[in-house]
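Below is one structure, written out as structure tokens; the observations come after it.
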Amino acid sequence: MKFFKFDMDLGMHVTHFDSNFFITPFAQLEAEAKISLFTLRENGVIGFHKAVVPQLLVVLAGEGYVRNDIDEFVQLSKGEAVLWEAGEWHETKSDNGLIALVIESIYLNNNQILLETKYGLQH
């Protein structure tokens with residue numbers, strides 16, 4: 001058994017794309033997947049940018065708002081997740097703070113997500 005620490009103090013402060021959040025890499029898998037912990041403090045933002053590969057953002061604590069290039073911001077809370085496809089423009093922000101696990105992989109797609117959709121259908 002091994003124990004690991006993953007708090008914000010170990011993360012890297014990200015400011016590009018007008019962002020203001022911390023990222024702590026979790027694992028790099030041989031199946032070309034990247035898993036990271038994203039920490040947004042009060043008024044934190046992951047600036048508007050294009051997803052290079054499909055990205056699944058899973059909210060572990062707090063709440064925030066996400067959008068793509070056509071939708072207005074949609075609230076996301078602890079226990080909810082959002083998937084962006086490769087090439088999709090998106091942004092995440094939080095008024096009071098948010099901690100999320102982010103999984104990025106060229107192999108990630110809607111058919112592999114085993115969660116119920118928030119709205120009963122894809123939003």
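Counting begins at 1 with the first residue of the sequence. When reading the values below, keep in mind they use all heavy atoms of this one structure, side chains included, and skip hydrogens, waters and symmetry mates. This one's a predicted model, so the numbers in the text were calculated from it and none came from an experiment.
Here CG of L37 is found 9.0 Å from CD1 of I23. Values are rounded to the nearest 0.5 Å. Here the straight-line distance linking atom NZ of K50 with atom CZ of F17 works out to 10.5 Å at 0.5 Å rounding. Atom OG1 in T39 sits 9.5 Å away from atom CZ in F21 (nearest 0.5 Å).
Residues V102 and M12 share a hydrophobic cluster, clusters being chains of Ile/Leu/Val/Met/Phe/Trp/Tyr side chains in contact below 4.5 Å. The hydrophobic clustering, which links ILVMFWY residues whose side-chain heavy atoms are closer than 4.5 Å, places I106 and V52 together. F48 and V14 fall into different hydrophobic clusters, where Ile, Leu, Val, Met, Phe, Trp and Tyr are joined by side-chain heavy atoms under 4.5 Å apart, directly or via other members.
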Practice prompt. Walk me through it: do N68 and W89 pass the test side chain to side chain contact (heavy atoms under 4.5 Å, CB included)?
Written response: CA-CA 5 Å; N68 60 17; W89 286 87; 5.9 Å; no
Discussion item. V82 vs E80, test: side chain to side chain contact (heavy atoms under 4.5 Å, CB included). Steps then yes/no.
Written reply: CA-CA 7 Å; V82 60; E80 297 176 331; over 6 Å; no
Fill in: Derivation and outcome, side chain to side chain contact (heavy atoms under 4.5 Å, CB included), residues N43 and N20
CA-CA 8 Å; N43 298 314; N20 182 19; over 6 Å; no
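Closest heavy-atom contact between V45 and L40: N-CD2, 3.8 Å. The two atoms that bring A51 and E85 nearest to each other are CB-O, 3.5 Å, heavy atoms only.
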Distance-only criterion, 3.5 Å: show the donor-acceptor pairs between side-chain atoms of residues 53-67 and protein atoms not counting sequence neighbours.
{"unit_1": "Q55", "atom_1": "OE1", "unit_2": "H90", "atom_2": "NE2", "d": "3.0"}
{"unit_1": "Q55", "atom_1": "NE2", "unit_2": "E104", "atom_2": "OE2", "d": "3.2"}
{"unit_1": "E63", "atom_1": "OE1", "unit_2": "Q75", "atom_2": "NE2", "d": "3.0"}
{"unit_1": "E63", "atom_1": "OE2", "unit_2": "Q75", "atom_2": "NE2", "d": "3.4"}
{"unit_1": "R67", "atom_1": "NE", "unit_2": "E91", "atom_2": "OE1", "d": "2.9"}
{"unit_1": "R67", "atom_1": "NH2", "unit_2": "E91", "atom_2": "OE1", "d": "3.0"}

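Every pair tested for side chain to side chain donor-acceptor pair (under 3.5 Å) that includes a residue from residues 94-103 fails, sequence neighbours excluded, so the list is empty.
Qualifying side chain to side chain donor-acceptor pair (under 3.5 Å) partners for E42, counting only residues two or more places apart in sequence or in other chains: none.
With hydrogens and angles ignored, the 3.5 Å screen pairs a side-chain donor or acceptor of S105 with a backbone N or O of Y107.
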